[in-house]
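Notes to accompany the following structure.
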Amino acid sequence: MSRCWLMKTEPTTYSIDDLARDGRTHWEGVRNYQARNLMRDMAVGDRVLVYHSNAKPPCVTGEARVAREAYPDPFARDPDSKYFDERATAADPRWFMVDIEFVRKLASPVPLDILKNAPGLQDMVVTKRSRLSVQPVTSAEFDIVCSLGAGDTR
DNA sequence: GCCAACGTTGGC
DNA sequence: GCCAACGTTGGC
């Protein structure tokens with residue numbers, strides 16, 4: 001039984017279009033313990049909602065799938081990386097990342113204010129002003145978001 | 001650009 | 001182990 005997640009990204013840093021182009025990517029740079037722990041709970045095949053934060057409007061833009069389980073984030077040990085953390089060692093890598101692969105873009109992105117008002121999504125973490133960059137999502141929530149994004153609402 | 005929310009750090 | 005100071009996130 002695969003689980004569902006939501007992962008935030010700033011589209012100016014890495015957008016759903018970047019993921020569509022790359023097909024697959026590694027999700028480096030998560031430097032929050034709760035988010036890290038959630039990534040370590042991920043299994044290959046888990047479904048992921050890709051969320052654009054700091055976007056106008058902030059929205060869910062697509063779907064991805066976990067392609068590789070958590071492994072040490074090498075950027076934590078690269079002094080030239082903005083994700084460098086001098087406390088990370090080979091024996092204790094401290095920070096982890098997963099690989100995800102592109103599944104599809106939503107026909108129409110689902111903005112945050114729609115999520116907040118959609119029946120069935122009142123408990124969805126992202127609607128709670130949560131700063132967590134990796135969030136658990138129920139399969140029911142996942143399906144509702146996908147159906148909201150299925151139609152062309154323009 | 002503002003600022004509320006909240007996670008992290010470090011002095012004690 | 002408390003908690004004030006500080007830094008970051010991210011909606012608005």
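For clarity, every value in this text was computed on a predicted model and none was experimentally measured.
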- Scan nucleotides 3-11 of chain B nucleotide by nucleotide, 5' to 3', and note B when protein non-hydrogen atoms come under 4.0 Å of the base, S if they reach only the sugar-phosphate, - if neither. --BBSSS--
- Message: By the 4.0 Å heavy-atom rule, please label A:K56 as base, sugar-phosphate, or nothing.
- Response: nothing
For residues 112-127 of chain A, which side-chain N or O atoms pair as donor and acceptor with protein atoms under 3.5 Å away, sequence neighbours left out?
unit_1	atom_1	unit_2	atom_2	d
A:N117	ND2	A:D113	O	2.8
A:Q122	OE1	A:G120	N	3.0
A:T127	OG1	A:M124	O	2.7

- By salt bridge (charged side-chain N to carboxylate O under 4.0 Å, His left out), A:R129 pairs with (sequence neighbours left out) none
- Query: Can you name the salt bridge (charged side-chain N to carboxylate O under 4.0 Å, His left out) partners of A:R65, sequence neighbours left out?
  - Reply: A:E101
- Side-chain hydrophobic cluster, 4.5 Å single linkage: members besides A:M97: A:Y71
- Residues pairing under side chain to side chain donor-acceptor pair (under 3.5 Å) where one sits in residues 9-26 of chain A, two or more places apart or in two chains, turn out to be A:E10-A:N54, A:Y14-A:D22, A:S15-A:D18, A:D17-A:K105, A:D18-A:R21, A:R24-A:D99, A:H26-A:E28
